[in-house]
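Presented below is the structure to which this report refers.
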Number of protein chains: 2
Amino acid sequence: MSKIRNSEETKERILCAAQSLFAQRGFEAVSLREITAEAEANVAAVNYHFGGKDALIDAVIVRHMMPVMTERMKLLAVAQQRADESDGVIPVVETLDAFMRPFLMVMNESGENKALFAKFCGRIMSDVGSNLPAEAVEQFSIMVQKFTQALSQALPHVGQQELMWRLHFSFGVMAHTLMHGERLVEVTKGACGEPDFETTLKRMIDYCIGGLEA
Amino acid sequence: MSKIRNSEETKERILCAAQSLFAQRGFEAVSLREITAEAEANVAAVNYHFGGKDALIDAVIVRHMMPVMTERMKLLAVAQQRADESDGVIPVVETLDAFMRPFLMVMNESGENKALFAKFCGRIMSDVGSNLPAEAVEQFSIMVQKFTQALSQALPHVGQQELMWRLHFSFGVMAHTLMHGERLVEVTKGACGEPDFETTLKRMIDYCIGGLEA
DNA sequence: AAGAGAATGAAACAGATGTTTCACTAAATC
DNA sequence: GATTTAGTGAAACATCTGTTTCATTCTCTT
């Protein structure tokens, strides 16, 4: 227990390989043998450590979405604290930042392949139906509620229903950009400028502010 | 040649069944046997008429995306004609309408299962990587160029690069809404209002106008 | 150092997948 | 009406899928 057991390493290697491949080609399209080949592990290891492919998918999702969720809540709490010193209302720009920035942060932490992580996050939001692990669904539901409430206070002239739709649209902006950001570069042959993450974040926030306040 | 041959019927039946199933579960997850079962055709028929599964996917995409593309171009041309009678600049709202409405139109024409068609369109935009049939890619590229140009004239204060990104974001709004519109209803337990297509279109357009003009 | 338990590796499993084959039927052409 | 072609149906094909088995190796505890 005191030392890192070897098994934990291979578990980690499988998770990394799986995430990388899932990001590139989707959950269904990647086989266990491809994953274990890249992870330099045996096919049986997946079933031994996780219980099966579906369980591996859930593990990968939970493993890499949870930090984003908690980071979001943390940033929103900080913004709330800051707002409480004035009128108690969080500016839209800060709410959106709390919502979108965590991807950047976790990405930067995960080093190496940032674009791949972004793609993976976007894929989770688009690819998975209602098959998300229960653990993630609950956390997600709570988060949506918190952020809707914050936006509602900052945008009192926007009706509740309208706001829900606009938040949904903002989700779409983020998901699509994460997954297909590089495609824009391809299509425009680089005329859209270099896809710097911080700049892209600012662009997304500005756009969504415009949409939310419309 | 004068009469509709029987083979064309089964070809059509396969296309319909494939579209329906692809929309619900994605391209990779649906097997040929499921498709031919629903189409009441033989497994060999797919390879005989299309040449294989990949070719079938391409056929389904081309078959149902082309009307949308051409309809978009038509609506934009009409708006251009209308604009030429005044200052020659197409209002943003009309450009966005020309961009998004065709989905509604083709959906309404295709009768029966509108939500399924919407989901399929959204899936094409999200699911497929750069594996789109060449025919569609070219048409798509031309369309993007035309619409960027139209928006550029209406929004001279927005730089070219910025505009490309914002158009990309608008794409995301549409794709995400088409694919996951019903999920919003689930998550909010119906509190977001009933998902009427015309209303949703207006909501999307309003949101995107706000974002584009930000 | 020895033994118990965890982790691995290679092979085999049953099932599903896309594709092909070939005998057969329907339709079009002469 | 006979002949050639287009289209269909059922079965077999090889391959790949996720999963399981079991003997072996490694790691930790005593």
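Small disclaimer: the values here were computed from a predicted structure and weren't measured. Chain A is the first sequence line, chain B the second, and so forth, proteins listed ahead of strands; every chain is numbered from 1.
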Donor-acceptor pairs under 3.5 Å, side chain of residues 167-179 of chain A to any protein atom, not counting sequence neighbours: which ones?
unit_1  : atom_1 : unit_2  : atom_2 : d
H168(A) : NE2    : H180(B) : O      : 3.3
S170(A) : OG     : R166(A) : O      : 2.9
S170(A) : OG     : Y207(B) : OH     : 2.7
T177(A) : OG1    : V173(A) : O      : 2.6

- Message: With a 3.5 Å cut-off and heavy atoms only, can you find an N or O donor on one side and an acceptor on the other between the side chain of N42(A) and the base of dA7(C)?
- Response: no
Worksheet item: Does any N or O in the side chain of W165(B) come within less than 3.5 Å of the main-chain N or O of R203(A), such that one atom is a donor and the other an acceptor?
Response: no
Sorted by chain and number, sequence neighbours left out, side-chain contact (heavy atoms from CB on, under 4.5 Å) with V30(A) holds for L21(A), F22(A), R25(A), E34(A), I35(A)
L32(A) CG to dT19(D) C1', in whole Å, measures 9 Å
Measure all distances between protein nitrogen or oxygen atoms and nitrogen or oxygen atoms of nucleotides 13-16 of chain D, and list the pairs falling under 3.5 Å.
none

Out of dT17(D), dT19(C), dT8(C), minimum distance to the side chain of V43(B) belongs to dT19(C)
Picking from dT19(D), dA7(C), dT17(C), the nucleotide nearest the side-chain atoms of E34(B) would be dT17(C)
Scanning both residues in full, the closest heavy-atom pair of L75(B) with D97(B) reads CD1-O, 4.5 Å
Whole-Å distance, E9(B) CD to dA27(C) C1', equals 14 Å
Which pairs of donor and acceptor atoms, one on a side chain in residues 62-74 of chain B, lie under 3.5 Å apart (sequence neighbours left out)?
unit_1 : atom_1 : unit_2 : atom_2 : d
R63(B) : NH1    : E12(B) : OE1    : 2.9
R63(B) : NH1    : E12(B) : OE2    : 3.2
R63(B) : NH2    : E12(B) : OE1    : 3.4
R63(B) : NH2    : E12(B) : OE2    : 3.1
H64(B) : ND1    : Q19(B) : OE1    : 3.4
H64(B) : ND1    : V60(B) : O      : 3.2
H64(B) : NE2    : Q19(B) : OE1    : 2.7
T70(B) : OG1    : M66(B) : O      : 3.2
T70(B) : OG1    : P67(B) : O      : 3.1
R72(B) : NE     : F99(B) : O      : 2.8
R72(B) : NH2    : F99(B) : O      : 3.4

Across all chains, not counting sequence neighbours, the side-chain contact (heavy atoms from CB on, under 4.5 Å) partners of E198(A) are R101(A), L104(A), D196(A), L201(A)
Rounded to whole Å, the CZ-C1' distance (F27(B) to dT17(C)) equals 18 Å
**Asked** Using a cut-off of 4.0 Å on non-hydrogen atoms, how would the nucleic acid contact of V46(B) be classed: base, sugar-phosphate, or nothing?
**Response** nothing
Side-chain contact check for A44(B): nearest option of dT20(D), dT20(C), dG18(C) is dT20(C)
Quick note, side-chain hydrogen bond (donor to acceptor under 3.5 Å, both in side chains) partners involving residues 36-45 of chain A, not counting sequence neighbours, are none
To the nearest angstrom, the NZ-C1' distance between K11(B) and dA6(D) comes to 12 Å
- Task: Look at T10(A) and dA7(C) and indicate whether a side-chain polar atom (N or O) is within less than 4.0 Å of OP1 or OP2.
- Result: no
Atom CG of N47(A) and atom C1' of dC22(D) are separated, to the nearest Å, by 15 Å
Rounded to whole Å, OH of Y48(B) lies from P of dG9(D) at a distance of 13 Å
Atom CD of E40(A) and atom C1' of dG9(C) are separated, to the nearest Å, by 14 Å
Taken to the nearest whole Å, CZ/F50(B) to C1'/dG7(D) is 14 Å
Item checked: dT8(D) phosphate, OP1 or OP2, under 4.0 Å from H49(B) side-chain N/O -> yes
